[in-house]
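Okay, so here's the structure we're looking at.
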Amino acid sequence: MKKISVISFLIIISSSLFAQSNKSETLISVKGTTINNIGEIKEIWETGSAIYLNYENLSSNHFSYIFQAGYINFKENSNHNFNINDAHFNIIPLQVGGRYYILLNTFRPFLMAMGGANIIDSNYPILRINHEEEEVIVMESGTHTRLNFQIGLGLAIKLFSSLQVEVIANYNSHVMDAPVHYNITGFELGAGLSWVIKN
């Protein structure tokens with residue numbers, strides 16, 4: 001409940017900032033990414049792929065505010081010994097955040113930061129080996145909600161007044177908040193298209 005309240009507060013603040021922008025662009029974006037996991041999670045779920053849908057408001061002061069929802073599907077590590085045939089690990093991220101565009105010309109390099117909540121669905125528990133060489137369950141199978149954040153950079157290229165393409169590179173962390181320290185972290189690379197629906 002506390003996490004939902006925090007996200008709701010961020011949405012309200014972002015909405016008020018949208019309303020204060022005198023000259024702005026509103027963009028609807030879709031992008032696809034690939035994820036290379038790092039750390040312990042790579043031993044079970046090695047890589048992932050994601051698709052995101054964004055609502056973005058870009059103001060004349062170079063800052064933009066974003067609502068983002070997505071779907072991430074992780075691929076199993078072929079070297080891991082799964083004891084079931086249909087193991088899956090999926091995440092639905094719901095995020096708010098923003099970008100700072102260094103330039104607002106045809107070429108638009110930017111820095112970004114996002115945060116929010118994950119809805120995690122898995123039918124295979126996340127395990128780790130402790131110092132006593134015993135398996136410890138970090139997260140049971142089922143549906144869970146956890147926090148996430150990502151930081152990164154990218155380049156948007158405005159092709160026409162109503163269309164831009166972008167490439168991005170992110171570091172993301174899906175925080176497990178478990179009794180045992182264990183985060184799902186990875187590097188994410190992707191590309192997308194944005195439609196400018198308002199000037």
Side-chain angles (χ1 to χ4, degrees), residues 2-36 48-73 90-120 145-175 183-199:
K2 184 178 178 181
K3 295 172 185 175
I4 294 173
S5 299
V6 170
I7 293 170
S8 299
F9 175 75
L10 291 173
I11 290 172
I12 292 169
I13 293 297
S14 297
S15 297
S16 68
L17 290 170
F18 290 169
Q20 293 173 13
S21 299
N22 295 325
K23 183 181 178 183
S24 65
E25 293 179 355
T26 300
L27 302 97
I28 301 295
S29 305
V30 62
K31 62 186 176 185
T33 67
T34 61
I35 301 167
N36 182 30
S49 56
I51 186 166
Y52 296 97
L53 181 65
N54 287 11
Y55 174 87
E56 180 179 5
N57 186 276
L58 172 59
S59 66
S60 58
N61 66 2
H62 294 238
F63 286 95
S64 75
Y65 309 94
I66 302 172
F67 300 120
Q68 176 170 275
Y71 177 78
I72 305 172
N73 174 247
N90 305 317
I91 292 177
I92 297 175
L94 303 172
Q95 299 171 310
V96 295
R99 293 177 175 178
Y100 174 72
Y101 286 84
I102 299 168
L103 299 173
L104 284 180
N105 302 319
T106 300
F107 293 91
R108 300 175 160 192
F110 60 83
L111 306 173
M112 62 167 290
M114 303 288 292
N118 286 327
I119 301 171
I120 300 172
T145 303
R146 297 290 188 270
L147 298 177
N148 68 52
F149 72 89
Q150 61 180 212
I151 56 173
L153 50 81
L155 173 67
I157 303 172
K158 198 162 186 181
L159 300 178
F160 308 103
S161 61
S162 59
L163 180 68
Q164 73 178 25
V165 298
E166 64 179 47
V167 291
I168 58 168
N170 292 333
Y171 168 82
N172 57 49
S173 179
H174 307 282
V175 183
N183 291 340
I184 303 170
T185 57
F187 293 107
E188 190 170 16
L189 298 173
L193 289 172
S194 299
W195 290 268
V196 181
I197 60 174
K198 178 183 174 184
N199 281 306

Contact check, side chains of M114 and N170, non-hydrogen atoms, under 4.5 Å: no
Closest non-hydrogen atom pair, A69 against L94: CB-CD2, 3.9 Å
Heavy-atom side-chain contact between F110 and I102 under 4.5 Å: no
N61 CG to Y100 OH distance, which is reported to the nearest 0.5 Å: 8.5 Å
Straight-line distance of I119 CD1 to Y71 OH, nearest 0.5 Å: 12.5 Å
Listed partners of N148 passing side chain to side chain donor-acceptor pair (under 3.5 Å), at least two apart: Q95, N118
Intermediate values then yes/no, side chain to side chain contact (heavy atoms under 4.5 Å, CB included), E166 and R99: CA-CA 13 Å; E166 64 179 47; R99 293 177 175 178; 2.8 Å; yes
Pair listing, salt bridge (Lys or Arg N to Asp or Glu O under 4.0 Å) test, anchored in residues 109-118, at least two apart: none
E25 vs K158 side-chain heavy atoms within contact, under 4.5 Å: yes
Interatomic spacing from CG in N73 to CD1 in I35 - rounded to 0.5 Å: 9.5 Å
From CA spacing to verdict: side chain to side chain contact (heavy atoms under 4.5 Å, CB included), I28, Y55: CA-CA 5 Å; I28 301 295; Y55 174 87; 3.5 Å; yes
Pairwise distance CD1(I120) to OG1(T145) - rounded to 0.5 angstrom: 8.0 Å
Side chain to side chain donor-acceptor pair (under 3.5 Å) involving S29 - partner list, sequence neighbours excluded: S194
Side-chain heavy atoms of L53 within contact of F67, under 4.5 Å: no
Distance, nearest 0.5 Å, that separates CD1 of I72 from CD1 of I51: 11.5 Å
Validation row: Q150, I168 side chains within 4.5 angstrom (heavy atoms): no
Pairwise side-chain contact, P109 with L155, heavy-atom cut-off 4.5 Å (strictly under): yes
L193 side chain reached by L163 side chain, heavy atoms, under 4.5 Å: yes
Minimal non-hydrogen separation, I151 against A113, with atom names: CG2-CB, 4.2 Å
Rounded distance [0.5 Å steps], OH in Y101 versus OG in S60: 14.0 Å
Any V96 side-chain heavy atom under 4.5 Å of Y65 side chain: no
Nearest heavy atoms of I91 and P93, plus distance in Å: O-CD, 3.5 Å
K31 and E56 ion-paired at < 4.0 Å: no
Greater than 12 external heavy atoms within 6.0 Å of F107's CZ: no
